[in-house]
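The next block holds one structure in the form of structure tokens; read it before the comments.
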Amino acid sequence: MKLRVQFDEDSYVLEFRSSGSNSPCAYTLTGAEAHSGEASVIQVRPDLYSVLAGTRSFAVYVAPRGSQLEVWVEHQRYLLALSDARDFAASGRGASAKGRSQISTQMPGKVIRILVETGAQVKAGQGLIIVEAMKMQNELKAPRDGTVSKIATVEGATVAANQPLVIIE
Amino acid sequence: MKLRVQFDEDSYVLEFRSSGSNSPCAYTLTGAEAHSGEASVIQVRPDLYSVLAGTRSFAVYVAPRGSQLEVWVEHQRYLLALSDARDFAASGRGASAKGRSQISTQMPGKVIRILVETGAQVKAGQGLIIVEAMKMQNELKAPRDGTVSKIATVEGATVAANQPLVIIE
Amino acid sequence: MFRKVLIANRGEIAVRIIRALRELEIPSVAIFSEADRVSLHVQMADEAVCIGPAPSTESYLCGDRILEAAQKTGATAIHPGYGFLSENAAFARNCERAGVKFIGPSWLAIEQMGSKTSARRIAAEAGAPIVPGTEKGLASVDEGRAVAETIGYPVLLKAAAGGGGKGMRRVDAEADLESAFQAASSEAERAFGSGEVYIEKLIERPRHIEIQVLGDEHGHLIHLGERECSIQRRHQKVVEECPSPLIALQPHLRHQMGQAALKIARAVHYSNAGTLEFLCDQQGQFYFLEMNTRLQVEHPVTEWVTGLDLVHWQIRIAAGERLTVLQEDVHWHGSALECRIYAEDPQNNYLPSPGGIAEYIEPSGPGVRVDAGAFPGWTVPMEYDPLLAKLSVWASDRPMAIERMRRAIEEYRVLGISTNLQLFGQILRNAQFRSGNLDTGFLEKLEWTPEASDNQVRAAAVLAAARHSPQPSAQASGAAPQSAWRTQARKDLLR
Amino acid sequence: MFRKVLIANRGEIAVRIIRALRELEIPSVAIFSEADRVSLHVQMADEAVCIGPAPSTESYLCGDRILEAAQKTGATAIHPGYGFLSENAAFARNCERAGVKFIGPSWLAIEQMGSKTSARRIAAEAGAPIVPGTEKGLASVDEGRAVAETIGYPVLLKAAAGGGGKGMRRVDAEADLESAFQAASSEAERAFGSGEVYIEKLIERPRHIEIQVLGDEHGHLIHLGERECSIQRRHQKVVEECPSPLIALQPHLRHQMGQAALKIARAVHYSNAGTLEFLCDQQGQFYFLEMNTRLQVEHPVTEWVTGLDLVHWQIRIAAGERLTVLQEDVHWHGSALECRIYAEDPQNNYLPSPGGIAEYIEPSGPGVRVDAGAFPGWTVPMEYDPLLAKLSVWASDRPMAIERMRRAIEEYRVLGISTNLQLFGQILRNAQFRSGNLDTGFLEKLEWTPEASDNQVRAAAVLAAARHSPQPSAQASGAAPQSAWRTQARKDLLR
């Protein structure tokens, strides 16, 4: 099996063969750093795996996080995106259209104020929307000059992390 | 909805109506002690429920245990068997055939010795099989005089709790 | 003793109080907002009453509804925890009027200590040191110049009406005073509608050290030593400890600060648990800041080193019992540290991170205590404080307490939301922190050094992830934002 | 300090040792049998090596394979934990020969204390009290009569070759001696192939009280006071505590027993952690029983009250460090209790209950410590000891420690297998236990009083269960045994 892995900032390709779900599998990791070896990967419970690579032992927790996977190895936390290695070219990088900026909130919360209207001209750095969570307000700002082409929320709405809220063209 | 409940030693019939999965439901419990009331039952995660009955609050854990349900309310543990109330007559009580005794182990473990053979005459109290787990040996004894009609295991076998091992007729 | 006690709070502190009540064999009543229906304090309490919708202003801050819940359930006392109504003198008085015991000091003491200016005046009158400066706004630059002359430069100009750094200016020499005064005043005018500015001596690299006091309702009052809380972000404490490393170097300070704290507390006939916050310079000169007239978040640190259970004593004292511990009975053993686990991203401006907890594993074993409001499967509501849990440890000395805390932090797992767990690794390995040379600017200056991960670690992560999702779907392959745009707000993420 | 340490054990004690190593920044190596591939100690260790199949005789008891694993991973020391090879002098000697430090006493001390008779002789020579009686088998009834005369009735006749109560007889008066001797001797002959019988003074309602000692390899040896372990089932401890309630009444006993323990330990030049077990009568007369030349299961109780970390000290001492704690530095604060959580059914003859853990929730909060080898989703193997976890608590006095333990036990949840959790509620509420009037027969005499559950509790249980399985299937309706018979052994339950 061959997978493309986005590992925090680095990209890898993982190739591995397993002769059974609980027998050791040989793997090759190529990318930022190349590495190959053999490991035994056992699922302990739905989100926990025990990995033995040589004599090294890792308890690995995995949970979905948006479109990525949140993975803890020992006490370190990583965000991984896996895709079929063949999709590499297709998925590409700058998927967002040129000349079009989507503004989304990193923090889930409640929209407490919308500071612009559709059609408004905005300057880079201008406040667009204020989102509040856990008593902290976060102002989303325009990344560049442009025209607000869409506002996809209303005041009082609950918004998820990474949910796009405004489009500037 | 109407359910028959075997609750440790006692039997009840539970009748309840719910207008939605998270809204309070009215219930009537009849049996050893009759009782009716209204409760809000919310599933917190797959095996955990938060029950509010009036102002009383209960965190209830539920997990399957063989053919029963293991239920913890606060720090107390119960074994429950639920069945459709209409099955009551059908399911009956003494399901085991007269003149036929099944001997099973309460303790999961390994069969380390079989002390009788098929066809053997045994006396009440005579040892039949020794099962070992966690360094403790448990000897299964004949509940009455009779003939061993079947031995359903072999030495060295791993057996589950309540698995029938010997039949005496 | 009380027949039943209502806890007018939520989260970890409500759980802490329920545990104490259970140990004292007193039934507990939780209150909850609609956002907290399945929160841990509701699950753990004997009874629970819904007191309103999610916003605190409509639930946890509604004293009337809380008193109603107490009366409905037959609770004869209310423990307010910290935050919410815990320092609300009117609520304490309403409890008294309703015949429900408020577990805390008298409403009068709360009121007297509630205003910073009033507390400062009481402290000064009691003979405790306060930060030198004016108590009211300056009438003119000249007045400022005269005061600065007396207290000595550097000084700080502060907006009388505000906080949060607005209208604040540091002045190092007389030459800069006038322009700084104008700037501070006009900034304050814009921000708070009042240009009033006062002046205070600037404490360089201040440490935040506080003294715990405990008194009964028969006039007996003792102090339980200090907690150092200099590790803060945005004036929110993150790590606390006892002994303070400064006091370990200057042991007489504990006695001096303890006596100052007692003087102030006695001035308002203080009873129950309370904390007096001091600003301390690096030489050990200390100045009273304010008093928290309630249980403090970081009380476990004091419980570890003194062996006294503060919540037990709060309840027993409120029930009229005498505090049987004398000042000379109080001893401090070993060293305790506490880390506050917040649902926030320390690498992203401490942005809050409410949402669903997929996996939650607490550390355990020798010398480790966890006071949590979180549990696996819980959705952390967006309406309240991001504090998930407090992890505290004890060891025979500070270096070992630090190693134990590091070990415990390394055992902690929270998946599904961001937390500040990784921050503690940074703090605990930091040479300045380990040397005990602390100040409240520590976190701001902390440089984040990511932990190195080797190839095998990365391979283990990737192999487990690959096993977890054997057929990566289109969704898992980093779908184009457009498709995400079209999907409705993932509101289920947010309960 | 050691470069890397291998833990020659499994379960909670391996986890305990990994935690200590991590606090000391020493990498850890776990060993595991095929039945323990995903056990907690494997997950937590830095490295792990499989040393054989499930039966301990082919894995955890194979010293050679363990030494091989140490050499393979570069571990320079081995911590044996308790049980398995921890008191195996040959293994300790083999470690020494292989240049791997055995974290424990010298192999010679293990050997000297390994045989009960040898230990008894050493103790007697050192001047410590031992249970009066013969050390070898009686030549005749007449010899027995003479000895019984000297030590006084009642006496106990015991099989020299055996244990477990076989070939044991209580004799209250001389008239009964001869027939009892014949009966004991022939029972011993049948059970052990040897009819040899010895005689011992019978201690009525004995208490099991033990003394913890700790010594370095430079001749410095101290005692850390007692643990009372009178709550036992089948000679297996279930609840332990410090202080012993007997010693709380007779404080001089701690010193006396401590001095007796030190005399014996000094006689074998003991180093590292060890425990001397004593039998104590209700008046406080104590008799040396045997010595455990390793870390004791119940060591957390001593750690709580003395503040010393025994596992840290074991490792540091083995690395050659000096024990810097003097006898006069040892103080005992408050009261600690430990409950051993076993996978067994106390209401069904303590039948073991291996199998899959569906849900596992540990208590937490003030004064609570859990040392566990269990976790949610784990399948408890049938091959080993049923100890899942140790729950220990500390409070300022025994009554509050009991209440805290009750509270903590009430927070514990283990679903999927049977445990003895419910037993502790019985013990902790028992008036005799609370009075501290203990003896080793306590559990046998304990009358089980089920807790009452009211209608609302039952309704809550049923409503949640009904929600859990909304459409009860035929299987859930209590299928006839025949159908269960036909289904193959549910082996997956047992891994």
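Numbered from 1 within each chain, the chains take letters A, B, ... in sequence-line order.
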Q: Check whether D:Ala48 gets within reach of chain A through its side chain, its backbone, both or neither, counting any heavy atom under 4.5 Å.
A: both
Q. Tell me, side chain or backbone of D:Val49 under 4.5 Å from chain A's heavy atoms, or both, or neither?
A. side chain
Q: Go through the atoms of D:Pro376 and report whether side chain, backbone, both or neither lie under 4.5 Å from a heavy atom of chain A.
A: both
Q) Just wondering, are more than 12 heavy atoms of other shown residues or ligands nearer than 6.0 Å to CD in A:Gln106? A) no
Would you mind checking chain A against chain D for donor-acceptor pairs under 3.5 Å and listing them?
unit_1  : atom_1 : unit_2   : atom_2 : d
A:Ser40 : O      : D:Arg37  : NH2    : 3.3
A:Ser40 : OG     : D:Arg37  : NE     : 3.4
A:Ser40 : OG     : D:Arg37  : NH2    : 2.9
A:Arg45 : NH1    : D:Pro376 : O      : 2.8
A:Ser50 : O      : D:Arg37  : NH2    : 3.1
A:Ser50 : OG     : D:Arg37  : NH1    : 2.7
A:Thr55 : O      : D:Ala48  : N      : 2.7
A:Thr55 : OG1    : D:Glu47  : OE1    : 2.5
A:Ser57 : N      : D:Asp46  : O      : 3.0
A:Ser57 : OG     : D:Val42  : O      : 2.6

Q: Against chain D, label A:Val51 side chain, backbone, both or neither, depending on which of its atoms sit under 4.5 Å from a heavy atom there.
A: backbone
